[in-house]
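Chain naming here is simple, since letters A, B, ... match the order of the sequence lines and numbering starts at 1 in each.
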Amino acid sequence: MTAEPITLRVNGQHFEVTVPPNRLLLDVLREDLRLTGSKRGCDDSSCGCCTVLADGVPMLSCVMLAASYQDAEIATIEGVAENGRLHPLQEGFCVEGGAQCGFCTPGIILVAKALLERNPNPTRQEIAEALSGNLCRCTGYTQIYASVEHAIRKLQEAPVGSGKA
Amino acid sequence: MSLPPFMLLRPRRLDEAVVRLADYGPEAMIVAGGTDVVPNLRAGLFSPRALVDIKGIGELGGIRFDPRSGLELGALTTLTAIAESSVVQEHYRVLAEAAGTVASPVLRNMGTLGGNLCLETRCLWYNQSTVWRKACGFCLKKDGTVCHVAPGGERCWAVWSGDTAAALMTLDAEIEIASPRGRRRMPLTEFYKNDGMDRIRLGRDEILSGVRVPARLAGYRGSYQKLRIRSAIDYPLAGVAVAMQLENGICRDVRLGLTAVNPAPLLVREVGELLRGQRFSPEAVEAAAHAVIRTGKPLKTSVSTPEYRRDMLRVFARRALTRLWSSNGGH
Ligand SMILES: Cc1cc2nc3c(=O)[nH]c(=O)nc-3n(C[C@H](O)[C@H](O)[C@H](O)COP(=O)(O)OP(=O)(O)OC[C@H]3O[C@@H](n4cnc5c(N)ncnc54)[C@H](O)[C@@H]3O)c2cc1C
Ligand code: SF4
């Protein structure tokens, strides 16, 4: 098994890394690219902490072989803030106390971001369902739902990219 | 934990993929969404020389429905796409429900139908890390000589733990299989061997390329009931799928499938014989539920007890049949 050069597109940037084919995207992100926002929370692909977006779709980077995702646009938590401004979801987690230990937060924000792009006004039940595969052991989820709802309100007032503050 | 070493092949065409599989023979393994293969590789359960990643094969995608010929699903269709498909929801309800209960929402975005129908069987003694398995004593299925579930025998009872197969069986689904020799079709009910060690009738150079569901079963009422530890994430510990056709309250046709209690998903054919031509009655439902627990044979392969899983089969059979048969809406 020899390491081979691969090209990944992460948060809009191109990266060339030389990795063996058994290297998981999660490890490339964390160790080769130093994007440590995506977490390894379990060892059986059941916790959701390593969630990234591939072409806008939430996926577990601990299941993805890095070399298999060279054609996809990968987004991690590091790419969610734009020009130094927090995304309304990130702001929501600050205001509503949606993060405690913070381990699950990157995955949850990415799943919520993908949800709001498809459905800008989800009910609490829809939010709960979308996040049901992302385990949080601290918050009891109530503050997480409130954080997402904060973002829904903010996005309705001023959609991201609208130029309004 | 990191994965064992392997070569990664990424064919773009089906004919190329089956040739690569033939080249590597028993040393090759197919990976689609990877949601079953990768955790198993991490647990040290397989050591393939080559992984053949089929995700880039465009011809294996897509959902097509035609009222005359029925439903066609490519092997790479994700479970999310099936669960959310309006044609599947409208015409083949039991399949939409089953697909919508697999794993978690994020895993359903990755997991494919082909992978779901070809899953590795599961057992408490098998789906563990090498360290765990070594400490508790390796078992027959991997590296050992005895079965911890049924120590007297020579068989492995690891359980079929997929959700969509039982639902598709109730819909008379057929699968299409591609190999270097061409394509063949077989009824899904014949695909499974009911052997924990050697689960499916698929050659080393074959790929499950698609699934067909006949038009005849479009519009059947459907229900899928599932037991698991965490209802948002886990594999099934027992599952019941029902598809039913009613006419003025009379059961014209009914099929009931079981999963996660035997080494294969199974149809309980007796249920059809018992209920066809009848009007709803609690006694008829009870007779069907009884046939169900005679077929389902859960053993100590999971953290939940066999008794509880068997009881839940009865509950699910009653619940699904009552819901579909005694109401007008069907769901
Ligand atoms: C935490 C967790 C929970 C889960 N819960 C469930 C659950 O509740 N219900 C459930 O059904 N599954 C569950 N799964 C398993 C899995 O997510 C799904 O079954 C999924 O559909 C598998 O598809 P895949 O494409 O990821 O398969 P892969 O992992 O890519 O492959 C699975 C198996 O099928 C073979 N294979 C894949 N595609 C083909 C093909 N086209 N032709 C021939 N062989 C093929 C592979 O070689 C492998 O043996 C769970 C997984 C995890 C990690
Ligand atoms: S049923 Fe027996 S042989 Fe099969 S995996 Fe479980 S313990 Fe091992």
Kindly compute the distance separating [atom1] ([X]) from [atom2] ([Y]), expressed to the nearest 0.5 Å.
{"X": "A/S68", "Y": "B/I54", "atom1": "OG", "atom2": "CD1", "answer": "11.0 Å"}
{"X": "A/M59", "Y": "B/T78", "atom1": "CE", "atom2": "OG1", "answer": "8.0 Å"}
{"X": "A/D44", "Y": "B/R42", "atom1": "CG", "atom2": "CZ", "answer": "7.5 Å"}
{"X": "A/S46", "Y": "B/L107", "atom1": "OG", "atom2": "CG", "answer": "8.5 Å"}

Any side-chain heavy atom of [X] sitting closer than 4.5 Å to one from [Y]?
{"X": "A/L60", "Y": "B/V38", "answer": "no"}
{"X": "A/L135", "Y": "B/I233", "answer": "yes"}
{"X": "A/P20", "Y": "B/P5", "answer": "no"}

>> side chain to side chain contact (heavy atoms under 4.5 Å, CB included), that's the test. Do A/V63 and B/V37 meet it? Break it down for me.
In response: CA-CA 9 Å; A/V63 170; B/V37 171; over 6 Å; no
>> Under a 4.0 Å threshold between the charged nitrogen and the carboxylate oxygen, would B/R10 count as salt-bridged to A/D71?
In response: yes
Return the minimal non-hydrogen interatomic distance between [X] and [Y], and the atom names on each side.
{"X": "A/P21", "Y": "B/L8", "value": "CB-CB, 3.7 Å"}
{"X": "A/S45", "Y": "B/P39", "value": "OG-CG, 3.5 Å"}
{"X": "A/A130", "Y": "B/P105", "value": "O-CG, 3.9 Å"}

> With a cut-off of 6.0 Å (strictly less than), are more than 12 heavy atoms of other residues, nucleotides or ligands near CZ of B/R13?
Replying inline: no
>> I need the residue from A/L65, A/L131, A/N134 with the largest number of non-hydrogen atom pairs under 4.5 Å to chain B.
In response: A/L65
> Considering only heavy atoms, which portion of A/E4 lies under 4.5 Å from any heavy atom of chain B: side chain, backbone, both, or neither?
Replying inline: neither
> Considering only heavy atoms, which portion of A/A67 lies under 4.5 Å from any heavy atom of chain B: side chain, backbone, both, or neither?
Replying inline: both
> Sub-3.5 Å donor-acceptor pair from the side chain of A/N22 to the main-chain atoms of B/L3, do we have one?
Replying inline: yes
> Does any N or O in the side chain of A/R23 come within less than 3.5 Å of the main-chain N or O of B/S2, such that one atom is a donor and the other an acceptor?
Replying inline: no
>> Given heavy-atom pairs under 4.5 angstrom as the criterion, report whether the side chain, backbone, both or neither of B/R230 touches chain A.
In response: side chain
> Side chain, backbone, both or neither: which part of B/N109 has an atom under 4.5 Å from a heavy atom of chain A?
Replying inline: both
